[in-house]
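Before any comments, here is the structure.
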Amino acid sequence: MSGHPGFIPVNLLTGFLGSGKTTLLRRLLQDPSLAGAAVLINEFGEVGLDHHLIERIDETTVLLKAGCVCCTIRGELSEAIRDLHSKRERGLVPCFDRLVIESTGLADPFPILSTVRADPVLSSHFTLGNVVATVDAATAARQTLRRPEWLKQVASADRIVLTKTDIAAPDAVAALSAELLALNPTAEAVDVHGSSWSAAWLMAEDAATGDPLARRPAEEHGEPHGDHDHHPRAGQAPDQNQGHGHHDGHGHGHGHGHGHGHGNRHDPNRHDATIHAFSVTLDRPIDWTGFGIWLTMLLNRHGAKVLRVKGILDLCGEERPVAVHGVQHLVHPPVHMAAWPAGPRQSRLVFIVDGLAEATVRASLETFMALADDMPAGEAAA
Ligand SMILES: Nc1nc2c(ncn2[C@@H]2O[C@H](COP(=O)(O)OP(=O)(O)OP(=O)(O)O)[C@@H](O)[C@H]2O)c(=O)[nH]1
């Protein structure tokens, strides 16, 4: 393992909603180079699903409570990392040698990085490792769907992983690659479906790309400067560390449309005035064909407003749960999961919407469910 001796490297896995962070993480965690990694997952929705979707549940996989780690729950981020570390010291969890944080797809990576850097306890034990950003080639190629959070995620990255190149047009992938290079010339971009990268290269072999905090766009430097008591980046001698630490202070100027601030502390899912998350649970098995058509119609009609849908479904005639994902206008093929997670066997769906009323989605789903109830199995879609 590379890294500054005595410090545990922290890798931030960032990337916009639905860009393939959890899919990549699941694959990375199967690699021997990351066998000793602890994982901290933060989700925007009130019901976390990613920790089920990576299908690796143990005491070093921690789900942060609902809310976005870059704004409403930064204190919880420090607390969760401190807690993991304290358990590690006391032998209550395996002696992990790396921490991977998967942030929400809406998170600004810079406050997360500065939290790890500036928190006095964390900075005595942890050091920043590579920041890895997933970029969805099928969606990001559509300029109109870009959001400011996306830009910051790309800017913060040491390594960029282009996902969904298998379903994106090759010329769009080439154009996107060129654009990413222009946006962040120090990061190396790889195709997730290519063979030019490895898990170790992505996370454990430190990129010589300098301090990710120094890549924060100039207008974002709204936080008070820290005490400049910089800690080294993994694999970097202390005197190489040129970046500016920032206190985990308030009044930071994100400038990316966050409506957050002190007044939003009680609304953990708030990120932007128009963006919110909600979840739906369904207690009886559902018909896939009908549900698939309902979801496709919802995304056709409101795709630009439905930033993300993900869920675990209890389908008629299926023993195992099925994971379903929608990303803006795209519905991905459903995938069988290995087993039901702990808790009641029921379908759980999380929606992250922008400017779309929760009541609209709920009413539409209820109508579909009522129709499905009136029809023999398999005909709900007719
Ligand atoms: N075809 C294709 N689908 C992919 C690829 N990577 C991810 N997906 C699919 O994209 C959907 C979303 O993937 P996730 O890994 O859940 O994305 P995420 O970034 O973790 O999503 P959030 O946590 O909501 O931000 C799933 O249906 C994945 O199977 C890829 O390279 N190719």
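In listed order, ligands and their atoms are each counted from 1.
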- Tightest non-hydrogen contact, residues Val353 and Leu356, listed as CG2-O, 3.4 Å
- Query: Is there at least one pair of N or O atoms, one from Gly20 and one from ligand 1, spaced under 3.5 Å apart?
  - Reply: yes
- Query: Taking non-hydrogen atoms only, is His332 closer than 4.0 angstrom to ligand 1 via side chain, backbone, both or neither?
  - Reply: side chain
- Query: Does the side chain of Ser78 pick up a donor-acceptor pair with the side chain of Arg82 at under 3.5 Å?
  - Reply: no
- Proximity of Val192 to ligand 1 by residue part, where a heavy atom lies under 4.0 Å: side chain
- Task: Considering the heavy atoms of Glu102, write down every atom of ligand 1 situated less than 4.0 Å from one of them.
- Result: 20 (O), 23 (O)
- Has ligand 1 got any nitrogen or oxygen that is less than 3.5 angstrom from a nitrogen or oxygen of Ser19? yes
- Message: I'd like to know if the side chain of Gln346 pairs up with that of Asp283 as donor and acceptor (distance under 3.5 Å, no hydrogens or angles considered).
- Response: yes
- Between the candidates Asp166, Asp136, Leu17, Thr14, which shows the shortest non-hydrogen contact distance to atom 1 (N) of ligand 1? Asp166
- Query: Under a heavy-atom criterion of less than 4.0 Å, does Arg26 contact ligand 1?
  - Reply: no
- If you look only at pairs with a residue in residues 291-307, which of them pass as a side chain to side chain donor-acceptor pair (under 3.5 Å), with sequence neighbours excluded? Trp294-Ser364
- Message: Applying a heavy-atom cut-off of 4.0 Å, say which part of Lys164 lies close to ligand 1: side chain, backbone, both or neither.
- Response: both
- Heavy-atom contacts with His193 under 4.0 Å: which atoms of ligand 1 show up? List them by number with element. 30 (C), 31 (O), 32 (N)
- Partners meeting ring-ring contact (aromatic ring centres under 6.0 Å, His included) with His85 (sequence neighbours left out): His125, Phe126
- Message: Is the contact between Ile167 and ligand 1 made by the side chain, the backbone, both, or neither, using heavy atoms and a 4.0 Å cut-off?
- Response: side chain
- Is there side-chain contact between Leu77 and Asn42, with heavy atoms separated by less than 4.5 Å? no
- Note on the structure: In terms of its nearest heavy atom to atom 12 (C) of ligand 1, the top option of Lys310, Arg308, Lys21 is Arg308
- Query: So which heavy atom on Ser156 is nearest to which on Pro109, and how close?
  - Reply: OG-CG, 3.3 Å
- Using a distance-only test with no angle check, is there a side-chain donor-acceptor pair under 3.5 angstrom linking Asp136 and Thr134? no
